[in-house]
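What follows is a single structure, written as C-alpha cells, with notes after it.
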Amino acid sequence: MGSALDKYSEICGPDVIDQLRQLVAPLKGAKVIHVNSTRKGGGVAEILAKLVPLKKELGIDVSWEVIEGDADFFKCTKGFHNALQGNKVEIPRSLLTNYEETNRRNSEDLRSKLEDADIVFIHDPQPASLLDYCPDRKGKWIWRCHIDASRPYRPVWKYLRNFVSGYDASIFSLAAFAQPLPHVEYLIAPSIDPLSEKNIELDPSEIESVVSGLGVDLERPIMTQVSRFDIFKDPVGVIRAYRLTKKFIPTLQLILAGGEATDDPEALSVLDDVRTAANDDPDIHIMLLPADAHRSINAIQRASDIVLQKSLKEGFGLTVTEAMWKGKPVIGGDTGGIRIQVVNHQTGFLSNTPEGAALRARYLLFHRDLLQEMGEKARNFVRENFLLTRHLREYLTLMVSLLHGRGDRIELE
Ligand code: UDP
C-alpha cells in the first residue's frame, strides 16, 4: 500500500481506501489530463495539487497542464468569471479574439497530448475553448465549472456555452449552479486534503511563533478572513463586521489574509479599497502572503477565534472547509457553496450583512462553550462530506461511467 493512501486510511478508515482501489481497477491504463490556468493561488490549483498526486498513487496515468496567457487574456477571463457570477460585464470583441487566440496558441503545445488522452478535465472558462483546437480527440472531455454560475449574465454565458456544449459532460459543485447543456451533468462538491500543509495539525508553539511573528497578539481575540482580494469576497464588508463587533469587544483584532492569484488582475484595486476602509487601524492586519504560505494560513486559521467568509458569491469556499476542519464554526455569506457547508446554527452561521455577521461573532465570542461545540460539529461535518477521498471517489465513479457506461452494468473487482 502506498504511503499517502496509508495515511488517508488512518483518517477515513480502510474501507474508504479499499473502495477507491476497486473503482480505479477499470481505469487501469487510462490517460487522464487536467487543464487549468494557474499552478498556484485560488481553490482550483489548491485542489489539483492534491488530487493529481493521489490519482497517480492509485495507478492512473494522470498529468496536470497549465495554459499561459497575457494580461489581456486574464482580464477577459476575469470578466467571464464575474459575468458567470451574475455581474453585467461587456467584454470587448478584441479581448474575446485574444482569448480564443491564446487557447489556440496553447493548443499547439498541448494538442497531441490532449487528443490522445482518454479523459480530459478542463477547469473553468480559461481553457474552455481548447476543445475547438483538438478536432481529432479520441477521449471524453469534461468541463469542470468551479464558479457559482447559478445566474450568469446571459450574453457572456451564451458565448461560453458555444464552447462548453461540445464537451461530453460537465461538472458543477451544486445543483443550483447547473445550466442547461446538451450533455450529461454531474454534481461534485470540492474538498480539502487533511494531510496537506494547509490542514495538518500544528504544534501550538508553531502556531504561536507564526502568528505573533506576523504582529498579531495571541492573548487577544482574533477574527479572520482568508481570501483573495476580490470584490465577491467582500473584504470591506468584513472590516465593517469587525468594527461593529469591536464596539462590544474592544480588544478584537482582524486578520485579512490574502495573496494575489496569478490570474486575478483586479486584486490591486480591491486591495486599495481595503486599505482605505482599514484607515490605519493598528488592529487590522492585512497580509499579502505568498501563494505557497500554506503553513502560515494553517496557523492563522487555527489561532483565530472567529472565522468569517463573508462572500457575496462563492463557488464553494475552500477556506470555509479549511476553517471548519480546524474546529472553527464559520460565519459565512448565505450564498453558493457556503450554504452546503455552513449548516445554520450547527456548523456556523449564515448571514447576509455585516450587521448580521457582527451579531453572530459577538454571540460566539461571549459563548465560548457553544463556539467549541459548533466547532466540533463543523469538523465532523467536513470529515463526513468534504475530504479529498470523497472527492476522488466521485471523480473515479464519473470516469468509470464515462468510459464504461454503455454496458448494462459495470463490474468492479
Ligand atoms: N489561499 C491561500 N492564501 C491566500 C488566500 C487564499 O493559500 O492568501 C487559499 C485558501 O486557503 C484556499 C484557496 O486559496 O485553499 C481559496 O479557495 P476558495 O475556494 O476559498 O476561493 P477561490 O479563491 O477559489 O475563489
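Note that ligands are numbered from 1 as they come in the structure, with each ligand's atoms numbered from 1 the same way.
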(request) With Asn298 as reference, evaluate Arg295, Arg302, His294, Gln301 under the side chain to side chain donor-acceptor pair (under 3.5 Å) test and give the passing residue. (result) Arg302
(message) With heavy-atom distances below 4.0 Å as the criterion, list the atoms of ligand 1 near Glu322.
(response) 10 (C), 11 (O), 12 (C), 15 (O)
(message) Can you confirm, on distance only, whether ligand 1 has an N/O atom lying under 3.5 Å from any N/O atom belonging to Leu289?
(response) no
(request) Please work out whether any backbone atom (N, CA, C, O) or any side-chain heavy atom from C-beta onward of Lys233 is under 4.0 Å from ligand 1, and answer side chain, backbone, both or neither. (result) side chain
(message) Please identify which of these residues, Arg39, Lys113, Arg111, meets the salt bridge (charged side-chain N to carboxylate O under 4.0 Å, His left out) condition with Glu65.
(response) Lys113
(message) As an exercise, identify every atom of ligand 1 less than 4.0 angstrom from a heavy atom of Glu46.
(response) 15 (O)
(request) Report the member of Arg228, Lys198, His294 with the shortest heavy-atom distance to atom 1 (N) of ligand 1. (result) Lys198
(request) Can you run down the ring-ring contact (aromatic ring centres under 6.0 Å, His included) pairs that involve residues 168-198, sequence neighbours left out, and say none if there aren't any? (result) none
(request) Give a yes or no on whether a salt bridge exists between Asp168 and Arg137, defined as a side-chain N under 4.0 angstrom from a carboxylate O. (result) yes
(request) For ligand 1, note which part of Thr319 has a heavy atom under 4.0 Å away: side chain, backbone, both or neither. (result) both
(request) From the options Ala291, Gly258, Gly43, select the one whose nearest heavy atom is closest to atom 17 (O) of ligand 1. (result) Gly43
(message) Out of all atoms in ligand 1, which are within 4.0 Å of some heavy atom of Gly317? Include the element for each.
(response) 19 (O), 20 (O)
(request) Establish, yes or no, whether the cationic atom of Arg362 lies under 6.0 Å from the six-membered ring centre of Phe248 and within 45° of the ring axis. (result) yes
(message) Can you tell me if Arg151 has over 12 outside heavy atoms packed within less than 6.0 Å of its CZ?
(response) no
(message) With ring-ring contact (aromatic ring centres under 6.0 Å, His included) as the rule and sequence neighbours excluded, what pairs involving residues 309-356 come up?
(response) Phe316-Phe386, His345-Phe349
(message) Any nitrogen or oxygen of Gly259, side chain or backbone, less than 3.5 Å from one on ligand 1?
(response) yes
